[in-house]
Structures are given as C-alpha cells and as structure tokens.
Peer 1: 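One structure coming up, written as structure tokens, with questions to follow.
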Amino acid sequence: MNESNLNINSPDDELINAFTKGDQNAFNLIVRKYQKKVYWTVRKMVLDHDDADDITQEVFLKLYRSVSEFRGESKFFTYVYKIAINYSLNHLSKNKKILARKSDMDNSHIKSHYKSADEDMNATEKTRLLEEAIESLPEQQRAVFNMRYYDNLSYDEISNIMNKSVGGMKANYFHAIKKLEKYLKQHKNYEAMEIN
Amino acid sequence: MKTKYNTEDLVHSLPDYISDKISDDALITAIESEIENNSEFKSEYDDLKKTFNFLKTAELEGPNENYFNNLSVKINQRIDNENVVGSFWQRLSPVWKILLPAIPIIIAALILFNVFRNETTETKTTGNEIQTTPPAEKKVEAVSPKEELKDNSLTKSETQVNESPVMTGKTYSSKEKDTKSLQANNDLTTDRSSGIGLRGSGVDLKSISQNLNQNVLADNIESTDNNDEMLYPAESDEETLEQDFYDLTPQQQKEILDDLKNTQI
C-alpha cells in the first residue's frame with residue numbers, strides 16, 4: 001500500500017512500517033487511532049484528568065521512541081496497553097502517599113454528605129462514588145479490574161501484561177469486585193438504590 | 001450435580017457470568033445449578049449483581065470534546081522539543097560527546113586532588129612540628145653511617161659556628177645565616193645555658209642528628225648540596241678567618257678576645 005493511502009483505519013503493521021521508514025504522518029495516525037483508548041485506560045487507573053493527560057502523552061512519546069522495538073509477538077494495542085498500564089502503575093506508586101492522604105480527606109467529606117441525603121444518588125454522585133470505590137482498590141487489582149471490566153481483555157492478555165498467571169488474574173478480578181462491593185455498601189444511598 | 005469445577009472456580013467465575021463474558025457452556029450450566037441449589041452461592045451472586053448494576057449506571061466524567069483534537073498536537077510538540085535536544089547532541093562531534101560528560105568529572109577530580117593535597121600538606125606540617133620537639137632523651141636505634149658522618153660534621157660546624165659570632169668579615173654573614181637557622185631549629189643540640197657542649201652533655205646525638213636531618217638538613221643543607229663548604233668550614237676558611245683576625249686593629253682584636261673570654265668557652 002502506498003504511504004499516502006494510509007488512514008486511521010489502516011492495519012497497525014502498515015502504520016508501523018510506514019512510521020519506521022520515516023513517515024511522520026503514520027505516527028499521527030497511530031496517535032489518533034489509539035488516543036482515546038490509551039487516555040481512558042490511564043484515566044481509569046489514575047482517575048485524575050490532568051494526570052491522565054500527562055501520562056497519555058508520555059505513553060505516546062515512549063511509543064514514538066520505541067515503536068521499532070515492537071516485534072509483532074502480540075497485538076499492537078496490547079503492546080501500547082502494556083506501556084499505558086505500566087506508566088499508570090508507576091505514577092500510582094510514586095503518588096501513593098499523596099493519593100492516600102487525599103482519599104482520606106475526600107472520604108470523610110463524601111460519607112457525611114451521603115448520610116444526610118435522602119434522595120437517590122444523581123449521576124454526579126454516582127460518578128464520585130465510583131471514583132472513590134476504584135481508588136480504594138490496590139494498584140494491581142485496579143489494573144486487572146479495568147482491563148477485564150472496562151476493556152474486555154481476556155485473562156490471557158491480562159496475564160501477559162501483568163506477567164502473572166491466568167488463575168491469579170481471575171482471582172484478582174473477583175477480589176477487586178468484592179472490594180468495590182464492600183466499599184459501596186458503606187454508603188446508605190447505595191443500599192437504598194434499586195438497581196436489581 | 002457433580003462437575004469438573006470446584007466451588008472456588010465457580011465463585012471466581014461469577015463476575016464473568018454476570019457480565020456475560022463466559023463462553024464455556026459447561027461452566028455456565030455449573031454456575032446456574034449452584035445458584036439454584038446453594039443459598040450461600042445465590043447470596044454471593046445477588047451481591048455481585050447489584051455491584052455490577054451500579055457499575056453499569058455510574059460512569060467516569062470524560063474530558064471536553066476538544067481534548068482529543070488537541071492531544072495529538074500536544075504530543076507532537078513534545079516530540080519536537082525532544083528532537084531539538086536530540087539533534088543538538090547529534091550535531092556534536094564524537095570528541096565533544098566524550099569530553100562534555102567528562103568535564104564535570106575532571107573538575108570534580110581536580111577539586112578533590114586540591115583538597116587532598118592541602119590536607120596532606122597540613123598533616124606534614126603538623127608532623128614536623130611534633131618531630132621538632134621530642135624529649136632530648138629519645139633514642140633512635142638505627143642510624144646509617146652517612147647520617148653519623150653528618151652528625152659529626154654538624155657537631156663540628158655547630159662548635160665552630162658558636163665561636164664565630166664574634167668574628168667579623170666576609171664569610172660571617174653567610175655563616176651567621178646558617179648558624180641562626182641551626183639555632184632556631186635546634187636549641188636541643190646543646191644546652192647553652194649550662195655551657196655544656198654536645199659531646200659532654202649526655203644528650204643522644206643520634207636522636208638529635210635525626211631531627212637535624214629531618215629539619216635542618218631538609219630545609220638548609222639539601223638546598224645547598226653543592227655548597228657544603230659554606231656550612232662546614234674548610235681549612236682554607238679557617239686560614240682566611242685567621243688572616244682576617246690579624247688584619248684587624250689591635251683594639252678590635254682586644255674586643256674580640258674579651259668577648260671570647262666572656263663566652264666562657
């Protein structure tokens with residue numbers, strides 16, 4: 001295929017080949033093709049938009065520098081996804097203490113807010129509760145939960161990304177859901193919700 | 001109903017069952033059977049289902065529409081910035097690529113060398129000060145013949161120099177200088193207050209000579225290696241001194257003799 005015929009729907013290997021041969025436009029197409037997926041992968045991990053924005057850019061910078069290292073042993077997006085997850089996990093480890101402190105402050109405020117509310121939770125409150133629930137997950141469980149629940153990755157893919165066994169990842173996913181459930185049950189409005 | 005799945009497998013598969021992510025029919029059948037027959041399992045299933053229903057209804061708030069339009073622009077800007085730094089490095093010649101990282105190391109090494117050298121000098125100075133004031137009784141076991149020779153020379157020189165201050169003449173100034181140096185460094189070579197000479201004082205000459213070797217010789221003698229005769233007067237010098245003495249007026253000769261008497265040597 002001629003380089004000028006490339007577009008956002010072109011197969012990954014063609015985009016990569018064109019880019020490694022010096023076609024800068026091919027890299028822009030890769031960015032446009034995967035930017036939303038990468039952003040949301042990161043965003044669900046770090047939750048904060050500004051952090052997600054910064055990490056997403058870092059992921060594509062890393063990709064720009066190292067795309068020639070991609071050997072095609074896995075799907076290209078799995079390769080990109082792995083970079084995104086690793087960068088997110090690094091960010092979470094670096095900011096663990098800050099996040100824990102922030103989370104404690106926010107939780108005390110939110111819990112009191114929900115206890116005083118009689119009406120059902122509105123969308124904003126649900127979003128906030130969801131963010132807090134995800135934030136309560138340990139880093140690895142958070143990654144596995146996001147990969148399985150939101151991104152529909154198979155356990156094989158998850159185990160490949162996390163370098164852990166398939167059985168371990170399955171158990172990790174179950175425990176992540178149980179932890180979310182436990183967190184959500186602390187809120188009166190969650191118990192009152194008719195979501196069956 | 002007996003299946004190939006144990007309870008733990010079934011429990012861990014519940015989240016995937018609830019979100020319709022199981023393709024294995026046998027596993028689906030086993031889970032459904034367990035829900036019907038096991039109340040505890042059913043309770044677990046209900047709790048998880050409620051959690052999944054909440055997750056379905058709650059969504060994270062996304063960025064504004066323009067964000068993704070500008071994202072690739074921001075990424076390209078960062079790439080350009082990196083390329084500027086990268087191209088600067090690439091433009092450098094291989095020599096500079098080695099020298100630039102080496103410069104801070106060289107500077108650090110020079111600073112360390114200077115600091116080390118200053119410390120060493122201070123240590124040496126301190127060491128010399130300690131060595132110049134040992135007790136007179138200190139004995140040194142091994143002294144080389146060469147050192148002994150110097151001892152004798154020094155003794156001779158010292159004795160003669162002690163006699164010479166009263167003399168005036170051409171050779172006096174250089175000898176006075178050397179004598180002063182010797183005296184400044186080595187009051188220990190002789191007990192002047194008691195007028196007892198080196199030989200008869202009982203002072204350990206080897207110890208003294210070592211100190212002399214380390215201090216006086218190092219400072220004075222070594223610097224005049226080729227002019228030893230200046231420090232150790234030769235016979236011709238003595239003749240010159242004698243001649244100088246006879247050249248003096250009787251009055252001057254008398255003064256010198258009186259001075260010599262007063263020295264009680």
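Any value given below was found using the heavy atoms of this structure, including those in side chains, with hydrogens, waters and symmetry copies removed.
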Peer 1: With chain B as the partner, which of A:Gln24, A:Arg32, A:Lys185 has the greatest number of non-hydrogen pairs under 4.5 Å?
Peer 2: A:Lys185
Peer 1: Heavy-atom pairs under 4.5 Å with chain B are the metric here; pick the option from A:Val31, A:Ile177, A:Thr56, A:Leu180 that has the most.
Peer 2: A:Ile177
Peer 1: Examine distances only and state if a side-chain atom of A:Asn95 and a backbone atom of A:His91 form a donor-acceptor pair shorter than 3.5 Å.
Peer 2: yes
Peer 1: Let's test your reading of the structure: which of B:Ser13, B:Pro63, B:Ala58 forms the most heavy-atom pairs below 4.5 Å with chain A?
Peer 2: B:Pro63
Peer 1: Check whether any side-chain heavy atom of B:Asn53 lies under 4.5 Å from a side-chain heavy atom of B:Lys50, and answer yes or no.
Peer 2: no
Peer 1: May I ask you to decide whether A:Arg128 forms a salt bridge with A:Glu131, counting only side-chain N to carboxylate O separations under 4.0 Å?
Peer 2: no
Peer 1: Looking at B:Glu8, B:Arg78, B:Glu59, which one has more heavy-atom pairs under 4.5 Å with chain A than the rest?
Peer 2: B:Arg78
Peer 1: Could you look at A:Leu184 and say if it's the side chain, the backbone, both or neither that has a heavy atom under 4.5 Å from chain B?
Peer 2: side chain
Peer 1: Heavy-atom pairs under 4.5 Å with chain A are the metric here; pick the option from B:Asn76, B:Leu55, B:Asn69 that has the most.
Peer 2: B:Leu55
Peer 1: Considering heavy atoms only, which positions within residues 145-158 of chain A lie below 4.5 Å of chain B?
Peer 2: A:Phe145, A:Arg148, A:Tyr149, A:Asn152, A:Tyr155
Peer 1: Is a side-chain donor or acceptor of B:Ser43 paired with a backbone partner of B:Ser39 at a separation under 3.5 angstrom?
Peer 2: no
Peer 1: If I compare all heavy atoms of A:Leu6 with all of A:Ala26, which pair ends up nearest, and what's the gap?
Peer 2: CD1-CB, 4.2 Å
Peer 1: Do any of residues 36-45 of chain A have a heavy atom less than 4.5 Å from a heavy atom of chain B, and if so, which, in residue order?
Peer 2: A:Lys36, A:Tyr39, A:Trp40, A:Arg43, A:Lys44
Peer 1: So B:Tyr17 and B:Glu32, side-chain hydrogen bond (donor to acceptor under 3.5 Å, both in side chains) or not? Walk me through it.
Peer 2: CA-CA 9 Å; B:Tyr17 171 78; B:Glu32 286 174 349; 2.9 Å; yes
Peer 1: Does any heavy atom of chain B fall under 4.5 Å from the side chain of A:Asp54, the backbone, both, or neither of them?
Peer 2: both
Peer 1: What is the ring orientation for B:His12 with A:His175, classed by angle as parallel under 30°, tilted 30 to 60°, or perpendicular over 60°?
Peer 2: perpendicular
Peer 1: Apply side chain to side chain contact (heavy atoms under 4.5 Å, CB included) to B:Phe41 and B:Ile31, showing your working.
Peer 2: CA-CA 9 Å; B:Phe41 193 86; B:Ile31 290 169; 4.1 Å; yes
Peer 1: Give a yes or no on whether the backbone of A:Ser165 and the side-chain of A:Ser159 come within a donor-acceptor separation of less than 3.5 Å.
Peer 2: no
Peer 1: Heavy-atom distances under 4.5 Å only: say whether B:Phe52 touches chain A with side chain, backbone, both or neither.
Peer 2: both
Peer 1: Would you say the side-chain atoms of B:Ser33 pair up with the backbone N or O of B:Thr29, donor to acceptor, closer than 3.5 Å?
Peer 2: no
Peer 1: If you take all heavy atoms of A:Arg142 and A:Ile134, which pair is closest and at what distance?
Peer 2: NE-O, 3.3 Å
Peer 1: Could you tell me whether the side chain of B:Ser72 and the main chain of B:Phe68 form a donor-acceptor pair under 3.5 Å?
Peer 2: no
Peer 1: Do A:Leu63 and A:Phe70 have side chains that get closer than 4.5 Å, going by heavy atoms?
Peer 2: no
